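Quick notes on the structure that follows.
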Amino acid sequence: EPAFKLSEPVRTSTKELRMAERKTLLGKSQAEPDFLHFNDLACEAVGGKVIFATDEWFAPAKNLLKKEPPQFKASAFTDFGKWMDGWETRRKRIPGHDWCIIQLGVPGSIYGFDVDTSFFTGNHSPHISIQGGCLDQMPAFTLDGDRTGMAASSSEMAAAAKLGSEAWPELVGVSPLQPGYSDCCHNYFRTDFRGRVTHLRLNMLPDGGIARLRVYGVGLRDWSTVSTNQKVDLVALTNGGMCLGYSNAHFGHPRNMIGLGQAANMADGWETARRLDRPKELKVNECGILQVPGYEWAVFRLGHPGVISSIEVDTTHFKGNFPDSCRLEACLLTQEEERHLIKTSWNSVKWEELLPPQKLHPHCRHQYSAADLIQSRPFTHIRLVIRPDGGVSRLRLWGRPTQLTVAPSNLKRQTSKL
Ligand SMILES: NC(=O)NC(NC(N)=O)C(=O)[O-]
């Protein structure tokens, strides 16, 4: 089910435009599913790790979870064969198949996968299947170091066998993979399984290589363990925060802002294109804030409804391209209202101002306390508005999770008419 809405008109990134051109040239389309806007729950950047793999002869399974796109180095070889940026096993000469166990960085509900075979041509895995498990206790074992040229030891096999992963529910049934040529390397699979997943078992049938596994979903935190007095970052990816729409993401997706820790570089934040409607003559108000008509926005669902009491807007790495100002708006929505907005437009929401316009500075973590905020009621969704454009590396919304008994309609139109 799509859970994402772009504003109109959609301004795509140059990469997307190049892909669209390629599709036209090739006369075939590798349609991009809606679930690509969800968070990647398995990426190493959010703590995902490979805890078991049957065989890592040509290339280690931990490469599956690297954040950066796969590379190809034509003249790179190891003692074991051609260097490949992915997981690649030996050609099997005995019965059975290769598989690995991935511990998600953020346990959650999964909507779809991208099994990316980039550069694996002639040695890609011909078929895969994916199973999911929810383990109460995280296994203590993991795979460390460079495992190129290695196979699972008998003690690793015995530890993995205890997980009973061969019986986990199938999220993706046995399916063929396309080889890793640039126009068909993304193998997208949707899943209808809605249970909470902590671990995945990726089966390669019988063997071969896969460059990356992207696991798109929404984090599901166990909120029963969080007291209502405890302050948590309500929008954090790890707490189930989710970007539901934006006006522009030319250089970086807004979901990057809710990622773990400090941003590594500009690519790890939200960055829009330069707006083309910036006036020639610039006026500022008494707070030094530029008075320009154009702005960009991003909408997020909080991981849990809550009262926000402090905010961080971090422009780290954005030195010549930070927004002049930002403001935050919030609202309280039911699930049905949210579904309707995703299908229509976020413009029909009656947003309430939470943080009034604030002048921003380059490469700076801006902190706002309860005294800066206008509202102290619970909200479910927020909208970050930047003016006129630019980049923000992180957004943190600290507050207390609250139970909602009533979620009044905040739409301009009445829900009964929806
Ligand atoms: N040229 C290759 O890639 N050969 C083999 N793979 C690696 N990585 O060397 C193979 O056939 O599986």
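Not measured: the values here are computed from a predicted model. Whatever order the structure lists ligands and atoms in, that order sets their numbers, starting from 1. In what follows, every heavy atom counts, from backbone to side chain, and hydrogens, waters and symmetry copies are set aside.
- Heavy atoms of K82 found under 4.0 angstrom from ligand 1 belong to the backbone as well as the side chain.
- Under the 6.0 Å cut-off for aromatic ring centres, Y111 and F35 do not qualify, their centroids lying 6.0 Å or more apart.
- Under the 4.0 Å criterion applied to side-chain N and carboxylate O atoms, K92 and D98 are assigned as salt-bridge partners.
- What sits closest to atom 8 (N) of ligand 1 on the protein, heavy atoms only, is E88 OE1, 2.8 Å.
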Run the numbers on E338 and H381 for side chain to side chain donor-acceptor pair (under 3.5 Å), then give the verdict.
-> CA-CA 9 Å; E338 182 197 87; H381 293 70; 2.8 Å; yes
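- Those atoms of ligand 1 with a heavy atom of N123 less than 4.0 angstrom away are 3 (O), 6 (N), 12 (O).
- Interface atoms of ligand 1 facing M84, defined by a heavy-atom separation under 4.0 Å, are 8 (N).
- R383 pairs in a salt bridge (charged side-chain N to carboxylate O under 4.0 Å, His left out) with only one of the listed residues (E353, E352, E296, E329), which is E329.
- When each atom of ligand 1 is checked for a heavy atom of G81 under 4.0 Å away, the hits are 9 (O).
- Side-chain contact check for N265 and H317: no donor-acceptor pair (N or O, by modelled atom type) lies under 3.5 Å.
- Taking every non-hydrogen atom of R91 and a distance limit under 4.0 Å, the qualifying atoms of ligand 1 come out as 10 (C), 11 (O), 12 (O).
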